[in-house]
Amino acid sequence: MTLVSMAFGNPIHANSAPTTTAPVAAEIGNMSEKDAEAFVAGLQKMLKVTDPKDIKEIPNTIANNMVHYPLRWFKDANTKNATMIKTPAEFVKNYSEIMSAKVIDAILNQDMKNLFINAQGCMIGNGQVWLDERGIKTISNF
């Protein structure tokens with residue numbers, strides 16, 4: 001069983017179409033509120049993995065299945081312009097900086113009842129992560 005299937009079953013990821021076609025309360029482009037919740041829950045489950053073999057897969061899994069490129073990465077509160085991460089390899093290379101403790105904490109502590117969703121996307125935490133129907137589009141380390 002792959003890490004993606006462990007986290008998602010049938011994953012919603014950056015290169016797939018949403019699975020829900022029924023009308024829902026909120027839409028993120030072509031992604032429903034239910035799909036956003038499933039995406040965040042899957043990301044949380046993945047980040048809680050404790051098996052060392054699976055932990056090593058996390059950067060590649062997120063890079064290849066959950067991020068929409070170019071990813072806008074704001075390194076700190078003083079950064080006015082985003083660093084553009086253009087490829088999965090670049091994401092993996094910078095994984096420990098991009099997925100800082102603050103970003104991971106925001107993801108793991110996100111309550112699904114408090115997801116902020118609007119036409120621009122779904123916000124995790126206080127803006128540490130933004131995603132839409134294509135995947136994670138912005139990560140801010142502050």
Side-chain angles (χ1 to χ4, degrees), residues 1-22 24-79 81-142:
M1 180 178 279
T2 67
L3 191 57
V4 171
S5 63
M6 284 172 28
F8 296 105
N10 293 319
I12 302 297
H13 57 75
N15 298 318
S16 72
T19 58
T20 304
T21 56
V24 293
E27 292 288 331
I28 308 164
N30 291 321
M31 183 183 213
S32 72
E33 181 178 5
K34 186 175 182 179
D35 288 339
E37 290 172 358
F39 187 99
V40 175
L43 184 56
Q44 288 174 331
K45 186 175 179 183
M46 185 180 307
L47 292 172
K48 290 178 184 176
V49 167
T50 58
D51 184 310
K53 183 184 94 180
D54 289 334
I55 289 171
K56 290 191 320 191
E57 290 181 40
I58 291 172
N60 285 318
T61 301
I62 293 173
N64 290 302
N65 298 300
M66 303 181 81
V67 175
H68 175 74
Y69 298 97
L71 171 72
R72 296 172 33 169
W73 173 36
F74 292 93
K75 295 180 181 183
D76 57 52
N78 297 321
T79 305
N81 296 314
T83 298
M84 303 306 278
I85 304 297
K86 298 176 185 167
T87 66
E90 192 176 353
F91 182 91
V92 170
K93 178 181 175 188
N94 294 290
Y95 178 82
S96 62
E97 288 180 79
I98 295 170
M99 296 295 288
S100 67
K102 189 162 190 168
V103 170
I104 290 173
D105 187 57
I107 294 166
L108 291 176
N109 290 304
Q110 180 62 54
D111 181 352
M112 295 308 158
K113 295 175 187 167
N114 294 320
L115 273 179
F116 176 80
I117 298 172
N118 65 19
Q120 303 299 312
C122 172
M123 180 179 78
I124 298 174
N126 291 317
Q128 284 84 8
V129 179
W130 277 90
L131 62 107
D132 63 16
E133 75 276 7
R134 299 169 297 175
I136 298 169
K137 61 183 188 173
T138 304
I139 295 180
S140 301
N141 292 109
F142 54 92

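Worth saying up front: this structure is predicted, and the values here are computed from it rather than measured.
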query = Between Lys53 and Asp51, does a salt bridge (charged side-chain N to carboxylate O under 4.0 Å, His left out) hold up when you go through it step by step?
reply = CA-CA 6 Å; Lys53 183 184 94 180; Asp51 184 310; 5.8 Å; no

For [X], check side-chain hydrogen bond (donor to acceptor under 3.5 Å, both in side chains) against everything at least two apart and list the hits.
X: Asn109; value: Asp105
X: Asn60; value: none
X: Asp76; value: Thr79

key: With Ser140 via side-chain contact (heavy atoms from CB on, under 4.5 Å) - residues at least two apart   = Phe74, Thr138, Phe142

note = With sequence neighbours left out, the residues meeting side-chain contact (heavy atoms from CB on, under 4.5 Å) with Asn81 are none

[X] side chain to [Y] main-chain N or O, any donor-acceptor pair under 3.5 Å?
X: Asp35; Y: Ala38; result: no
X: Gln44; Y: Gly42; result: no
X: Gln110; Y: Ile124; result: no

request  = Please assess Lys48 against Leu108 for the test side-chain contact (heavy atoms from CB on, under 4.5 Å), listing each intermediate value before the final yes or no.
outcome  = CA-CA 8 Å; Lys48 290 178 184 176; Leu108 291 176; 3.7 Å; yes

Got [X] and [Y] here, is their nearest side-chain heavy-atom distance under 4.5 Å?
X: Arg72; Y: Met84; answer: yes
X: Met112; Y: Val40; answer: yes
X: Glu37; Y: Leu115; answer: yes
X: Met46; Y: Ile58; answer: yes

task = Any chance you could lay out the side-chain contact (heavy atoms from CB on, under 4.5 Å) test for Val92 and Asn64, step after step, and finish with the verdict?
result = CA-CA 9 Å; Val92 170; Asn64 290 302; 5.6 Å; no

In Å, rounded to the nearest 0.5 Å, how long is the span from [atom1] of [X] to [atom2] of [Y]?
X: Met66; Y: Leu131; atom1: CE; atom2: CG; value: 8.5 Å
X: Lys75; Y: Asn78; atom1: NZ; atom2: CG; value: 13.0 Å
X: Asn65; Y: Phe39; atom1: CG; atom2: CZ; value: 9.0 Å
X: Ile139; Y: Trp73; atom1: CD1; atom2: CH2; value: 9.5 Å
X: Lys137; Y: Cys122; atom1: NZ; atom2: SG; value: 10.0 Å

Might you point out which heavy atoms bring [X] and [Y] nearest each other, and give the distance in Å?
X: Pro88; Y: Ala63; value: O-CB, 3.7 Å
X: Gly125; Y: Ala106; value: CA-CB, 4.1 Å
X: Ile136; Y: Leu43; value: CD1-CD2, 4.1 Å

query = Restricting to pairs with a member in residues 85-104, which pass side-chain hydrogen bond (donor to acceptor under 3.5 Å, both in side chains), not counting sequence neighbours?
reply = Ser100-Asn141

message = With side-chain contact (heavy atoms from CB on, under 4.5 Å) as the criterion, how do Ile107 and Gln128 come out once you've worked through the C-alpha distance, each side chain's angles and the decisive distance to 0.1 Å?
response = CA-CA 8 Å; Ile107 294 166; Gln128 284 84 8; over 6 Å; no

key: Verdict with reasoning, Phe91 to Met99, per side-chain contact (heavy atoms from CB on, under 4.5 Å)   = CA-CA 9 Å; Phe91 182 91; Met99 296 295 288; 4.0 Å; yes

message = I'd like to know whether CG of Asn114 has more than 12 heavy-atom contacts from other residues, nucleotides or ligands below 6.0 angstrom.
response = yes

inquiry  = Check Lys113 with Asp111, please: is the shortest side-chain N to carboxylate O separation under 4.0 Å?
reply    = no

